[in-house]
Protein chains: 2
Amino acid sequence: MKLSSQEEYGLRCLLQVARLDQGSPVPISDVAQREGLSTDYVAKLMRVLRQHELVVSVRGPQGGYKLARPAEDITVHDAVVALDGPLYDGGFCEAHSGKQVSCVHSTRCSLRGLWRWVGSALEQALAGITLADLMRGESFVDSALPPLPASALAEVTP
Amino acid sequence: MKLSSQEEYGLRCLLQVARLDQGSPVPISDVAQREGLSTDYVAKLMRVLRQHELVVSVRGPQGGYKLARPAEDITVHDAVVALDGPLYDGGFCEAHSGKQVSCVHSTRCSLRGLWRWVGSALEQALAGITLADLMRGESFVDSALPPLPASALAEVTP
DNA sequence: GCTAATCTTGACTCTTTCGTACAGATAGAT
DNA sequence: ATCTATCTGTACGAAAGAGTCAAGATTAGC
């Protein structure tokens, strides 16, 4: 339940491409310098983003990366899924059933419902934030996000 | 942004202790059998839970584990923090600043605000669900949780 | 064509996480 | 006292994640 490094850095790099993209492609070296990361590492991250079609690459001199779609059309959820897979796998119960053949909790798996709910809530939230939103700076995020999106829960589970 | 195995299994084991605890301590072997895990692995997980004072142990024959507090007073957030640390570290920006001495994003770190918001929303949500809630079975979780706690976001970021 | 800037790829090392193994400590039952 | 059921701690290897490295492929500009 933590951010992976790949998510954090990958999203930062994607954001740098979004910021720096003024028509001409953004080279890896620029992104690396601005983030204080090695060019090799940024290259690896950009590859993941490219393979998930969030950016496109241009090879050769004056080459680099560009967003595959407008910043308004790329959500944080898109990036997180590209960099670390879906939030809630769905196959978790099956994959993590221990030594039993099928999920030991098939009958009363209260956790499955919980994680599914957490996952979809998170997905909804992150799918509502685009790169364009993030480019407006930290103050936007602070002020625009509802303070307690899950507070409704308090009414339900006293 | 995924559940660690330790979180998933640790929470399951904790839940088993909560379910089976009828006055006498629950031995590791019982939990292991019900979860289809090795006793050694369950022992390791229970140790983590004990060190974070979510359960207490009783040694010797007829020994085992008991909840340290009533199931109503142990939240999913308590368990997640015990098993995997706090959701949003706060020191992430500092720890993951790449090769620079200080966070490259100190001025316009839009991500920091985002993760802080995600972390606290998640924390609020998970702190509202107790072991007692989970013991009521999957149907409770499905019906009791608000369908889209973060849907308010749609109004803010069109 | 040649060169240089740039992306592409696979392999490699280091660290962390996962899960197992085993020897030791405690305490109830006899 | 001894036995046995139970927890405790440390150590270990395998797997996954993090980050680096080096050789190769592409293309703009000359």
Side-chain angles (χ1 to χ4, degrees), chain A residues 1-13 17 20-21 24-33 35-52 54-66 68 80 83-85 89 92 95-100, chain B residues 1-13 17 20-21 24-33 35-66 68 83-85 89 92 95-100:
Chain A
M1 220 61 186
K2 289 182 171 305
L3 274 183
S4 68
S5 290
Q6 186 157 292
E7 281 173 293
E8 172 76 14
Y9 291 141
L11 185 47
R12 285 188 184 184
C13 291
V17 171
L20 299 175
D21 184 350
S24 55
V26 181
I28 286 176
S29 54
D30 282 17
V31 175
Q33 189 185 352
E35 290 296 334
L37 301 172
S38 76
T39 57
D40 281 317
Y41 190 27
V42 173
K44 188 176 204 173
L45 296 170
M46 294 309 298
R47 174 160 42 146
V48 175
L49 293 172
R50 174 176 53 82
Q51 287 169 335
H52 286 82
L54 296 183
V55 296
V56 293
S57 65
V58 180
R59 294 169 75 147
Q62 318 307 320
Y65 287 93
K66 303 168 65 72
V80 164
L83 293 162
D84 210 41
D89 208 325
F92 198 89
H96 295 73
S97 54
K99 286 177 172 165
Q100 313 282 339
Chain B
M1 219 62 185
K2 288 184 172 303
L3 274 184
S4 69
S5 291
Q6 187 158 290
E7 281 174 292
E8 172 76 16
Y9 291 141
L11 185 47
R12 284 188 185 184
C13 291
V17 171
L20 300 175
D21 184 350
S24 55
V26 182
I28 285 177
S29 54
D30 282 17
V31 174
Q33 189 184 352
E35 290 296 334
L37 301 172
S38 75
T39 57
D40 279 319
Y41 190 26
V42 173
K44 188 176 205 171
L45 296 171
M46 293 310 298
R47 174 154 52 127
V48 175
L49 294 171
R50 173 175 54 81
Q51 286 169 335
H52 286 82
E53 301 178 329
L54 296 183
V55 297
V56 293
S57 65
V58 180
R59 294 169 75 145
Q62 317 307 320
Y65 286 92
K66 303 166 66 73
L83 293 162
D84 211 40
D89 210 324
F92 199 89
H96 294 73
S97 52
K99 287 176 171 165
Q100 315 282 339

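Order of the sequence lines sets the chain letters (A, B, ...), proteins ahead of strands, with each chain counted from 1. Just so it is clear, the model here is predicted, and its values are computed rather than measured.
Here C/dG19 is the nucleotide among C/dG19, C/dC7, D/dC7 with the atom lying nearest to any side-chain atom of B/Ser5. Side chain of B/Tyr41, nearest nucleotide from C/dC7, D/dA18, C/dT20: C/dT20.
In this structure, A/Ser57 does not reach the C/dT6 phosphate: none of its side-chain N or O atoms is under 4.0 Å from OP1 or OP2. Remark: B/Tyr65 is in phosphate contact with D/dT8, judged by side-chain N or O atoms under 4.0 Å from OP1 or OP2. The phosphate of D/dG19 has neither OP1 nor OP2 within less than 4.0 Å of any side-chain N or O from A/Ser38.
Put simply, the residue from A/Val42, A/Leu54, A/Leu20, A/Ile28 that forms a side-chain contact (heavy atoms from CB on, under 4.5 Å) with A/Tyr65 is A/Ile28.
Taking atom NZ of B/Lys66 as the reference point, atom C1' of D/dT6 lies 15 Å away to the nearest angstrom. Distance CG (B/Leu3) to P (C/dC18): 11 Å, rounded to an integer number of Å. Separating the CD atom of A/Glu35 from the P atom of D/dG19 is a distance of 13 Å, rounded to the nearest angstrom. Straight-line distance from the CE atom of B/Met46 to the P atom of C/dT20: 17 Å, rounded to whole Å. The CD-C1' distance, from A/Gln62 to C/dA4, rounds to 11 Å in whole Å. Atom CG in B/Leu45 sits roughly 10 Å away from atom P in C/dC18 (whole-Å rounding). In this entry the distance linking CZ of A/Arg47 with C1' of D/dT20 reads 13 Å, nearest Å. If you take NZ of B/Lys2 and P of D/dA15, they are 20 Å apart, rounded to a whole angstrom.
For the pair B/Lys44 and B/Ile28, both in contact range of DNA chain D, the more 5′-proximal nearest nucleotide belongs to B/Ile28. With DNA chain D read from its 5' end, the first of the two nearest nucleotides for A/Pro61 and A/Asp40 is the one closest to A/Asp40.
Within the 4.5 Å cutoff, no side-chain heavy atoms of B/Glu7 are placed close to those of B/Leu11.
Between the side chain of A/Arg59 and the base of D/dA25, at least one donor-acceptor pair of N or O atoms lies under 3.5 Å.
Using a 4.0 Å heavy-atom distance criterion, B/Gly60 is classed as a base contact. A/Arg50 comes within 4.0 angstrom of sugar-phosphate atoms only, judged by non-hydrogen atoms across all strands, and of no base.
Between the side chain of B/Gln6 and the backbone N or O of B/Leu83 there is at least one donor-acceptor pair closer than 3.5 Å.
Taking CG from B/Leu45 and CG from B/Asp40, the interatomic distance works out to 11.0 Å, rounded to the nearest 0.5 Å.
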Notebook entry, point to check: Could you go step by step and tell me if B/Met46 and B/Cys13 meet the side-chain contact (heavy atoms from CB on, under 4.5 Å) rule?
Noted result: CA-CA 8 Å; B/Met46 293 310 298; B/Cys13 291; 4.0 Å; yes
